[in-house]
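Throughout, protein chains are lettered first and strands after them, A, B, ... in sequence-line order, and every chain is numbered starting at 1. Only this structure's heavy atoms are used, side chains among them; waters, hydrogens and symmetry mates stay out. In this text the structure is predicted, and so the values were computed from the model without any measurement.
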Amino acid sequence: MKVMRQHTGATVGVSFIVLLLLASLFAPLPYDPKATEGGASLQAPSGAHWFGTDGAGADVFSRVIDAARIDLSLALAGTVLSLVLGVVLGLAASTKGKGSERLVRGLDAFQAFPLLILALALVTLSGNKLYMVVVAIALINIPRYMRLLRSEVLSLRESRFVEAAMAMGASPRRITFRHLLPNVWGVVLVQTSLTIANAIVVIAALSFLGVGVSAPTPSWGGMIRAGAGNMSSGEWWIASFPGLIVLLCVLAFNQLADAIGDTTARSHR
Amino acid sequence: MSDELVLDVRNLAVTIDTPDGVVNPVRGIDLQVHRGEIVGIMGESGCGKSTTVKGILRLLGPNSHVTADTINLVGKADLAHASKKVMESIRGRHIGFVAQNPFGSLNPIYSIERQFYEVQKAHKTGAKKAESREIALSMLKGVGIVAPERVLSGYAHQLSGGMAQRVVIALATTLGPELLFADEPTTGLDATVQAQILDLISGLVRTENRSMVLVTHDLGVIAQYCQRAVVMYQGEIVESGDVMQVMVNPQHEYTKKLIGSVPKAEGRLNVAR
Amino acid sequence: MSLVEVDSAVKTFASRVRGRDPVRALRGISLHIEEGETLAVIGESGSGKSTLGRAVLRLLDLDEGSVRFDGTDLGGLSPHAMRAMRADMQIVFQEPYESLNPRLTVGGIVSEPLEIHQPRLKTKEIRRQVLATLDRVGLPGDAARRLPGELSGGQQQRVGIARAIISRPRFMVLDEPTSSLDLSIRAQILALLAELQEDYKMAYLFVSHDMHTVESVSDRIAVMYLGEIVETAPTSQLFASPDHPYTQTLLSARLSADPRERHAYQSYAGDLSVTSPASA
Ligand SMILES: Nc1ncnc2c1ncn2[C@@H]1O[C@H](COP(=O)(O)OP(=O)(O)OP(=O)(O)O)[C@@H](O)[C@H]1O
Ligand SMILES: Nc1ncnc2c1ncn2[C@@H]1O[C@H](COP(=O)(O)OP(=O)(O)OP(=O)(O)O)[C@@H](O)[C@H]1O
Ligand SMILES: [Mg+2]
Ligand SMILES: [Mg+2]
């Protein structure tokens, strides 16, 4: 792929994510991630336990890898939902009229709301249903897609080639699908990378606060929460390794976003 | 005109990767530009004029490769091997560029005034906003824009084609580069405004010993303003030399054909004056 | 009845900056174009020629005045009826690159009028017509697979022309359609336009700065100045005895393609210090 060749950061990032995902899905883990007995608890990283063990004696490495499955799938599901609804609603809102302007003001108000708290409330009230985590991610990200779509489409509508399409008598539908959408794809992809990164953080934050994915199923946020107390007593590894993975995932998707942004900007000249 | 070289291009070639394989739109280009002269490049549509210019300025897209024995901007750098950073510091400051497509070189979301200021900022001239505005106003007047204040506060899409072309010329010459590449700079302008702009630039070339490379289909422009002419055909230079010699006594078959295609209504139009 | 009738068209662009005067791009323009006729529009840069072209095709809404096409007032048409009407009118924009969708191939761009207005044509037939049209404007067949960004300026301009002529509209606005073309291809395109006009009785509104081009294509010429038409005359008459001072200067400003007949353009040298602050 062209995008990759010129962006080492993005290549490394994507390889990392793919590897993590494959490992969580298929690789035989050294220990049962949910095993709470057997292994000695609170062991520092060693040859036997690369990332050490936690308070319950589970292997942190196995848990970190296993958590990728649920955390990344939730993040992806949330992103797909945001993408689809955000693009559709964004397109619908991309007209010049009064209604569309009012809608933008509505979005402003909505985004001024502390959305993480809203997400927290939603998931808690639903009785900790996982699909609500997905809904919460969508709620946070749909307005971002809508704004993006609206501003891109409004400026594209001013462009000569859209005027040319109108001059030919193209229907609004044709203009949307043939002239507008193909030209916003680039920025939508960039936004999608950023959304995944955001979703990973939101999911981690929720499970850190104790909602969403709950023990014993491993999740990065949950592990950080569990390990936080051990930090002060010197067992740094329990919270640090999942924290590091979250950081790396976010970095990876940001790199990817940069790379996509660069490539589409260049071919747009 | 002097014998002092400003730009010396040897054996320039451009290759472009396309889905259908590699294409080679220009090959073996040698181009010398002296201080105080205007070199005109002519040739049929698609023969490689813009690609040559963009190749020299290293402005081609990511799928293109420029090779050359040398692209010597005398006393400054070998552009064939200059880094991106060096190129950025040279373009705009030492070499001005007026692209064939004016709207492509204007930023749609900045006001025109801001774009003049960005040029000053990019090259750290230290000019303040007010100063940049003054300079911009006089540049725009120089290219014959009658309401420069309105143009400055406006945006690219509010300009007519010919206005955009002149804004780009003014932008490219803001910092007084000693070498200007202009790719069809006056296609959207009528003959009077065209003459005004070319007079202005050729005046600068003469009085300040600057240089210009001018790509144009208008053989009248070549004949009236250029000291040397270069004829391209299918990606190569087929003839070059003193404008008198090339235009009056062309050697290559293609040049003969090109010059023979000038409409003969000339005489009749001259009567009208 | 004329094919195109414009009656007292007024268009004013509001200024974004408060306190600045709005731009009065069209100040009451009236004109008519007959079937099979070419009306050339000339005038200074910024005098409103492109705005007029867009207004005639109702690509922008007039503040006042009306445009009639084939007797129908375009201002009164529903969006749907207007789209159907567009089968008979086309435009070649002044900005070749900007008017082409950067994500579509040349083939996809040129076929669009056919796909819109003749939905029953077979893909194969569309393809045949696209290739034939590209050939007529002097583009190689392999251009059909390329993106606009991979073409030279003059090639892009010809893609715009190919798109406009492929469906044989009854009326075309041609805004500087040959500005980026060398003389031989320009001649080829002008001959093509003349032939189409002959065969299909097409009418053209032809905007150009090039007086040779104008002289060779037009039946009548309208001269615009600051948003108004200041002179309209049959081509030969205008060239023989131009009325308006602007027309007169235009006709006298042609450059000779013979370097032995150099003009002495020293008159601007005095202004140079003003226009080149960087040298101060
Ligand atoms: N990215 C690309 N991929 C493939 N071919 C290209 C690409 N860019 C340019 N070309 C081809 O290279 C040739 C030279 O193009 P160039 O723009 O230099 O022509 P030009 O002499 O400036 O013509 P014009 O007078 O029409 O502007 C053209 O035939 C063009 O189709
Ligand atoms: N969308 C717009 N918003 C504001 N002003 C505009 C807009 N479009 C055109 N104008 C202004 O209207 C005037 C006429 O523009 P137009 O493009 O019609 O000129 P033109 O005669 O085609 O000039 P040229 O020969 O340079 O192409 C100009 O002063 C221009 O700045
Ligand atoms: Mg070119
Ligand atoms: Mg115009």
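- With a 4.5 Å cut-off on non-hydrogen atoms, B:V243 touches chain C through its backbone and its side chain both.
- Within the 4.5 angstrom heavy-atom criterion, atoms from both the backbone and the side chain of C:T249 approach chain B.
- Among the candidates B:A147, B:G48, B:G161, the residue making the largest number of heavy-atom pairs closer than 4.5 Å to chain C is B:G161.
- Here CZ of C:R186 is found 14.0 Å from CD of B:E44. Values are rounded to the nearest 0.5 Å.
- Heavy atoms closer than 4.5 Å to chain C are found in the backbone of B:C226, but not in its side chain.
- Only the side chain of B:S160 comes within contact range of chain C, judged by heavy atoms closer than 4.5 Å.
- To the nearest 0.5 Å, atom CG of residue C:D210 and atom NE2 of residue B:H217 are 12.0 Å apart.
- Rounded to the nearest 0.5 angstrom, C:E176 CD and B:L189 CG are separated by 9.0 Å.
- With rounding to the nearest 0.5 angstrom, the OG atom of C:S184 is 6.0 Å from the OH atom of B:Y254.
- The closest side-chain heavy-atom distance from B:D20 to C:R145 is below 4.5 Å.
- When side chains are defined from C-beta on, C:H209 does not count as touching B:T186, because their heavy atoms never get closer than 4.5 Å.
- A distance of 8.0 Å separates CD in C:E150 from CD1 in B:I16, rounded to the nearest 0.5 Å.
- When every heavy atom of B:D190 is checked against every heavy atom of C:S45, the shortest pair comes out as OD2-N, 4.2 Å.
- For a residue to count as touching a neighbouring chain, one of its non-hydrogen atoms must lie under 4.5 Å from one of that chain's; by this rule C:E95 touches chain B with the side chain only.
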Go through the steps to decide whether C:S152 and B:S45 satisfy the test side chain to side chain contact (heavy atoms under 4.5 Å, CB included), and finish with yes or no. CA-CA 7 Å; C:S152 81; B:S45 172; 3.7 Å; yes
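- Counting heavy-atom neighbours within 6.0 Å of C:R27 CZ, excluding the residue itself, gives a total above 12.
- Taking a 6.0 Å sphere around NZ of B:K256, one finds it holds more than 12 heavy atoms contributed by other residues, nucleotides or ligands.
- Proximity to chain C (any heavy atom under 4.5 Å) is restricted, for B:Q100, to the side chain, taken from C-beta onward.
- Of all the listed residues (B:I222, B:T187, B:D183), the one sharing the greatest number of non-hydrogen pairs under 4.5 Å with chain C is B:T187.
- In terms of heavy atoms, C:V23 sits closest to B:R150 at CG2-NH1, 3.2 Å.
- Contact of B:V146 with chain C is not made at all, since no heavy-atom distance falls under 4.5 Å.
- Proximity to chain B is absent for every atom of C:R146, based on heavy atoms less than 4.5 angstrom apart.
- For a residue to count as touching a neighbouring chain, one of its non-hydrogen atoms must lie under 4.5 Å from one of that chain's; by this rule B:Q165 does not touch chain C.
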